[in-house]
Enquirer: 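Quick one: the structure is below, and I'll ask about it shortly.
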Amino acid sequence: MNYWLLKSEPSDYSIDDLQRDATEPWDGIRNYQVRNMIRDDIKVGDTCIFYHSNTDVIGCVGTMKIASEAYPDPTQFDSKSAHPDPKSDPENPRWLCMDVAFESKFKRTVTLAEIKSDPTFSDMRLVMKGNRLSVMPISKKHFQKISRLGSS
DNA sequence: GCCAACGTTGGC
DNA sequence: GCCAACGTTGGC
């Protein structure tokens, strides 16, 4: 099993929204590196950290599980969605998404500042320069440490 | 709201 | 294939 970190702006979709919905499509991904990870590497049952970006308290807020295989992201064909892609061919869709299932909400946010200041995380892609991927693999070690911090 | 660090697009 | 212009992400 692999571990991932998935970013979302809470004003768009938050951990509380996922707790309420239980399962939700993780859609709107429009980056080829991320698309390829979804297509090739992310498997049903993989565990993910839910990360809140672009907000007052930035950081890791809970965990979730991958709940489906990758499938074509319907929002790419919806002109009213946030990210329609008129160049995507319905016969050969460009963008994929997958369903995620709520697992847990942390007792507290494990903040980006905290992660940056802890040498345990110095080799984590999240804190390395120039990394803006909204989905990234993380090590089991980092996943377990973040889970432990969030549960305390 | 600013802007650095990307990624994408399209003219040539 | 190069690269300038433009768009996006996301921390601050």
Enquirer: Check whether the ring centres of A:Tyr71 and A:Trp95 lie less than 6.0 Å apart, and answer yes or no.
Expert: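 Ring centroids of A:Tyr71 and A:Trp95 are no less than 6.0 Å from each other.
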Enquirer: Go through the structure and list residues passing side-chain hydrogen bond (donor to acceptor under 3.5 Å, both in side chains) with A:Glu9, not counting sequence neighbours.
Expert: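 A:Asn54.
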Enquirer: Check side-chain hydrogen bond (donor to acceptor under 3.5 Å, both in side chains) between A:Ser151 and all other residues, then give those that pass, not counting sequence neighbours.
Expert: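 None.
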Enquirer: Without hydrogens or angle criteria, can the side chains of A:Arg30 and A:Thr75 be said to hold a donor-acceptor pair below 3.5 Å?
Expert: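 Result is yes, a qualifying pair exists.
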Enquirer: Using a 4.0 Å cut-off on heavy atoms, which residues in residues 123-133 of chain A reach DNA chain B? List them by number, or say none.
Expert: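 Those residues whose heavy atoms fall under 4.0 Å from DNA chain B, taken from residues 123-133 of chain A in numerical order, are A:Lys129, A:Gly130, A:Arg132.
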Enquirer: More than 12 heavy atoms of other residues, nucleotides or ligands under 6.0 Å from CD of A:Glu69: is that the case?
Expert: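 Incorrect, the count does not exceed 12.
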Enquirer: Run the side-chain contact (heavy atoms from CB on, under 4.5 Å) test against A:Arg132 and tell me which residues pass, sequence neighbours left out.
Expert: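 Applying side-chain contact (heavy atoms from CB on, under 4.5 Å) to A:Arg132 gives none.
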Enquirer: So where does chain A start and stop touching DNA chain B, 5' to 3', when the test is distance under 4.0 Å to a non-hydrogen atom?
Expert: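 The contacted stretch runs from B:dA5 to B:dG10.
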Enquirer: Show me the side-chain donor-acceptor pairs of residues 20-29 of chain A shorter than 3.5 Å, one per line, residues at least two apart or across chains.
Expert:
| unit_1 | atom_1 | unit_2 | atom_2 | d |
| --- | --- | --- | --- | --- |
| A:Arg20 | NH1 | A:Asp17 | OD1 | 3.3 |
| A:Asp21 | OD2 | A:Tyr13 | OH | 2.6 |

Enquirer: Scan side-chain atoms only and decide if A:Ser53 and A:Lys7 contain a donor-acceptor pair under the 3.5 Å cut-off.
Expert: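 No, no side-chain donor-acceptor contact under 3.5 Å.
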Enquirer: Scan A:Gln33 against the nucleic acid and name what it touches under 4.0 Å (heavy atoms): base, sugar-phosphate only, or nothing.
Expert: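 A:Gln33: backbone/sugar contact only, no base atoms under 4.0 Å.
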